[in-house]
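Encoded as structure tokens, the structure appears first; notes follow it.
Note that the structure is predicted; figures quoted are calculated from it, not measured. Naming: A, B, ... by sequence-line order, numbering from 1 per chain.
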Amino acid sequence: GDIVNLVPENTGAVKGNCTVVDDKNNILVLHPDALISGTTVSNGLGCLRRAILNERFKIPTNADNISPVMLVGTIVHSVFQSAVKLTSTVTRDSLLKLAKDAVSSRRYFSDMYVGLTMNTDSKTVLAQVESYIPQIESWIKEYKRDRPTTGVGSIDFQLPITAVPDHLKPARGSTVRYNASTLNENVWPRFGLKGKIDLTGKFRIKNNKTQAIEHSILPLELKTGKDSHSMEHHVQVVAIYTMFCNERRNKDGRPPDSLPAGLLLYLKNVKSSCVPLKRADQTGVLLLRNKIADYLAKTTIKKSTTSDSTFIPSNFPPTIDNTRSCQRCSQLRNCALMSLKAAIDQTSELMVLLSQIFEHLTDTDLAYFKHWATCTFLEEQETNKKEKQKRFWLKTANERMSEGKCITNLEIAGSSQPHSDLPDSMVQTFKRYVSDCGMGNTFQIGEMVLISGTEPNHIAMATGVVHAINQSFISITTDRCVPTFWLYFFIDRHVWLGGISVQSALSNLSILMSDNPQCNMATCPQSSLILCFKIVKIMTNFFLLFIFPPREPSFVKNLDFVPRSAKDEVGRMLRGLNRTQRQAIKRVLLSKDYTLVVGMPGSGKTTTIVAMIRILLLCGLRVLVTSYTHSAVDNLLIKLIKYKTKFLRLGRSGQVHPSVHPYTEEGLSLNMKTPRELLKLYDESRVVACTCLAVTSHAFFAIPSQNRPIFDVCIVDEASQIAQPACLAPLLHSRRFVLVGDHLQLPPLVVSQEARKMGADESLFRRLTSHKPALCELTLQYRMNKDIMELSNHVTYEGRLECAHPSVADSTVKLDNYESMKTLMTDDTKWLNRAIDPKISVLFLDTSQVSFVEKFNQGIHNTGEAKIISALTKWLIKAGCNASRIGIIAPFRKQLKAIEEKLNQIEGWCFIKEMFRIINTVDKYQGRDKSVILVSFVRSKEEALGEKLLNDWRRLNVAITRAKHKLVMVGCTRSLMEYDPCKKIIEYVRSKDLVHF
DNA sequence: ACTCTGCGTAGAGGA
């Protein structure tokens, strides 16, 4: 069942109906849609296991992201590329200027920041970069032949004859034309490989066999380190890049005698060589690639032999057991963790090495890792199944176009322009060659896209971000000039393939298992997986953290630590809050380790967090604010802005809410000249906000562990919706933390049933709710009137919800035209009358007698219910209810579509629905409310329904707690009685006579 | 076949 791609090379190898694939003929690519990077393959040359671990645990285990040496290498590359592009004569001074510009470029700010934390300042970096200038100068002087007539970006090089393979001699004496207009090109070929070429050029050469003059496009790979001429370099550079370059650029596939070769330049001693691509190299590389792709595609999970119910991934490459190389392997800890102790031969030398990794860990600690790693792998496996369908190159451009994921028939409109705000960025504009249908709605500004040429081999030439778009033009921000070899282009939405959630989950777990004192575990006498906390003294003399078994939270006795100067202000702020909110904040202030704040629906959770942040600041504490989604983080920040509280928002500005933009790193560092200023900004920010996943990847947190930024308090909003491994990251950077959420609302989304059975949807919040002293409940709510609240109290909250105010309890929907409209209603529309009547706050419209049966067509939907909902909506608007105050909820996406179709007749509906996000799934409605909520339950079937979405208490709870004044539910009670949560709702509304047939 | 968000990326060099 595995999918392969056959790359036909030699038609002679076809025998009858069969195509021969062997060491001499043709090439087979396994899982061709899994694109493996060139570095991963060359990594696999030394140790396959390490290559896989590198992919799985993307974030380096030693927490030092980029070493100063690497930084220098990166910058030298960019200086070299700029130097090649120079149209004026290259002088020592012009090169020095390039070096200076590169070192102070904003592009390397965050890397330079990491350097600073390791005592490497920009001066040191510049000095090292400058040491390469003479080499760059001599290389360019030797090979560059300026030809002003060829125009900008076209440069001729002369290469030494010895650099060219024997059978091919440069045409006309010794001159080889080298057109260096493409730098740092993306590589995504059909061999299932991806990568970036430093420099691509066009050769004009004479073939000694045929005497013909050929043009061949060759890649050049630059190395600034030692001229090791290692296997790795040859594999990465020559085999992979050459294979690709030849494939993509030299038309008609590969004429047998054209020049498949690549150039390798070691800049340190200016040694360049031309390495021809041999068939054996090519097949060798692809065999290795195929192995890696197979390991990555199938992380089969096996039941372990031990008694516990966890699984271990069985399809993992073996250890190489070479102590010399293993010793300094950056993946050593992860290698050990994936070996899970028992699997390694006890007598091997490697065992000694690995056992050191485990020394500080107990079996319980390891079981925790094993449990969550297993859940993560299971989840990945399930996601992979779906992701495969997303892989866009398996469909034609026109198919993608019709799905709104692609814009075809684009041509270049003018040359790349420098971006006005972003340094080092270019903007390339395209225009639609045919204008039969517009493209205005295809993409949004800020979205990531891929730019491709029209030839099948020219997929993903460059990546970029949508800068502007209208019906006929689209402009893309890229970090370099878009190659313009082709006439026509298409632009695709960037589909994300690598599971960042997998990588970050595994990395977080790995860090938790590290020897870092902040992550220390304690022995657990009880059964595993009960995460809890132990106070461990760490080097900063503060405390944390994770441990099993459950440890009760601890508190200080009083609030004496609040600075005298702040007391009045703190008191004033506390008085502005209600009873339960005040208690929660006091609890947080007194806490030594952790607090859980249960924010029930409409209880002013955001208000409380905002007040909490401001009070913590007044107490002189530094606060980290996170949540899983950007919108949740920004939701808090927007309120914080109103109080003029300063903060630093980390994260891609395209994802950040526009009103928070001035506070993003990009916004705040706009006029910065040196990385030192960035360091200052980081150091001085008392409130830092970002998503959980950003913590695992952002440079702010990436500095070496002993200097890792430690916050006094970390606040995690919507914590009940965050998967446990993802939630760990921010906590590892704080001394104590506050989780805010509601475990009676929706849990983290887990797609794998198996993982869910193992408890993968248990958030850290939920896990810790068993520690009652840590819990504070915000029970006073400002949203629902008493009838709606009572329903929720009955179904979920067991009477704990209270209205914060009598005005909340008694409020009803405002319908100015209701009375005049009532006269229009007949007996036939009695149900409508009852549903709209402002005095009735909760009503269940039972469809079981009219048999509105659900249908399945790319999703479950129910047209009958959709009709009812749209009729209700129209009448509500007529009765004087502003559309913005109406919310429509269904559990299934397809039903939303069905409802939308019915509502499209309303004038200006498209605009209104987008503007006020009226129609959405239950899951997406969490955290929001509307005056009137219409719920369509959809499910109605003759036979049994089975356990599905509606069987989750928490989803039902979310659905019924979104309405302030009016909640109308539409559904087939006969079918819904199958679900216990629905049954409870139906029994309640029946008992109160709130059902209409 | 329900529900769906988060990531810039691949390589930068060392042994």
Side-chain angles (χ1 to χ4, degrees), chain A residues 35-40 42-43 46 54 58-59 65-78 108 111 184 186-188 194-198 221-226 228 230 232-233 236-237 268 324-325 327-330 383 386 448 460 462-465 478-479 494 496-505 627-632 651-652 654-655 690-698 718 721-723 726 746-751 761 854 856-861 890-895 920-924 926 938-939 945-952 954-955 958:
Chain A
L35 299 175
I36 314 294
S37 81
T39 32
T40 301
S42 59
N43 246 326
N54 265 336
K58 215 56 194 237
I59 290 88
N65 249 6
I66 177 165
S67 68
V69 191
M70 284 165 156
L71 180 54
V72 170
T74 310
I75 296 178
V76 172
H77 269 75
S78 109
Y108 304 113
D111 287 342
N184 235 344
N186 261 8
V187 166
W188 283 36
K194 60 182 169 183
K196 280 185 177 163
I197 299 176
D198 286 337
E221 174 65 20
L222 178 66
K223 294 286 171 198
T224 56
K226 282 188 183 157
S228 60
S230 66
E232 277 87 350
H233 287 174
Q236 176 199 352
V237 175
K268 224 167 212 170
R324 237 176 53 121
S325 4
Q327 230 162 6
R328 48 165 197 258
C329 177
S330 59
T383 334
K386 294 183 180 169
M448 283 198 66
T463 56
V465 175
T478 55
D479 58 357
H494 197 313
W496 221 259
L497 299 168
I500 183 71
S501 56
V502 172
Q503 288 163 5
S504 104
S627 187
Y628 193 73
T629 62
H630 288 290
S631 61
R652 271 182 52 205
Q655 307 300 105
C690 63
T691 59
C692 286
L693 291 184
V695 176
T696 1
S697 59
H698 198 281
E718 310 280 12
Q721 283 206 88
I722 307 176
L746 283 164
L749 181 87
V750 175
V751 284
D761 64 351
E854 68 175 62
F856 187 89
N857 173 22
Q858 297 169 319
I860 304 170
H861 59 113
F892 312 110
R893 286 238 143 253
K894 186 73 191 185
Q895 179 68 355
N920 244 322
T921 56
V922 187
D923 299 57
K924 283 232 170 190
Q926 178 151 339
V938 183
R939 305 242 54 181
L945 296 170
E947 290 182 12
K948 297 288 147 128
L949 285 193
L950 288 171
N951 218 12
D952 193 321
R954 297 163 291 194
R955 185 166 283 107
V958 171

Heavy-atom donor-acceptor pair, [X] side-chain to [N] base, under 3.5 Å:
X       : N      : result
S501(A) : dG6(B) : yes
R955(A) : dT3(B) : yes
K194(A) : dT9(B) : no

With respect to the side chain of [X], which nucleotide from [options] is positioned closest?
X       : options                  : value
K924(A) : dC4(B), dG6(B), dT9(B)   : dC4(B)
K226(A) : dA12(B), dG8(B), dA15(B) : dA15(B)
L949(A) : dG8(B), dG6(B), dT3(B)   : dT3(B)
D923(A) : dG6(B), dA12(B), dT3(B)  : dT3(B)
H77(A)  : dG13(B), dG8(B), dG6(B)  : dG13(B)
Q655(A) : dT9(B), dA12(B), dG6(B)  : dG6(B)
V69(A)  : dG6(B), dG14(B), dT3(B)  : dG14(B)

Taking any heavy-atom pair under 4.0 Å as a contact, classify T224(A): base, sugar-phosphate, or nothing. sugar-phosphate
Is any side-chain heavy atom of M448(A) closer than 4.5 Å to one of R652(A)? yes
Are N857(A) and K894(A) packed together at the side-chain level, in the sense that at least one heavy-atom pair is separated by less than 4.5 angstrom? yes
Whole angstroms only, please: what is the [atom1]-[atom2] distance between [X] and [N]?
X       : N       : atom1 : atom2 : result
D198(A) : dG11(B) : CG    : P     : 9 Å
N43(A)  : dA10(B) : CG    : P     : 13 Å
Y108(A) : dT9(B)  : OH    : P     : 17 Å
D111(A) : dA10(B) : CG    : C1'   : 13 Å
N951(A) : dC2(B)  : CG    : P     : 17 Å
E232(A) : dA15(B) : CD    : P     : 14 Å
L749(A) : dT3(B)  : CG    : C1'   : 6 Å
R324(A) : dG14(B) : CZ    : P     : 17 Å

Phosphate-side-chain proximity, [X] and [N], N/O vs OP1/OP2 below 4.0 Å:
X       : N       : answer
R893(A) : dA1(B)  : no
K894(A) : dA1(B)  : no
T39(A)  : dA12(B) : no
S37(A)  : dG11(B) : yes

Considering only atom C1', compute the distance from dA12(B) to dG8(B) and round it to an integer number of Å. 16 Å
Side-chain donor or acceptor of [X] paired with backbone N/O of [Y] under 3.5 Å:
X       : Y       : result
R954(A) : P747(A) : no
Q926(A) : V958(A) : no
H77(A)  : L222(A) : yes

Passes side chain to side chain contact (heavy atoms under 4.5 Å, CB included), T629(A) versus E718(A)? Steps please. CA-CA 9 Å; T629(A) 62; E718(A) 310 280 12; 5.8 Å; no
Could you summarise the pairing of DNA chain B as dot-bracket text, marking Watson-Crick and G-U pairs under 3.5 Å with ( ) or [ ] inside the strand and | across strands? ...............
Donor on one side chain, acceptor on other, T40(A) and S37(A), under 3.5 Å: yes
Enter the distance from L71(A):CG to Y108(A):OH here, rounded to the nearest 0.5 Å. 8.5 Å
Step-by-step side chain to side chain contact (heavy atoms under 4.5 Å, CB included) determination, K223(A) to H233(A): CA-CA 9 Å; K223(A) 294 286 171 198; H233(A) 287 174; 3.6 Å; yes
K268(A) vs T40(A), nearer the 5' end of DNA chain B by closest nucleotide: T40(A)
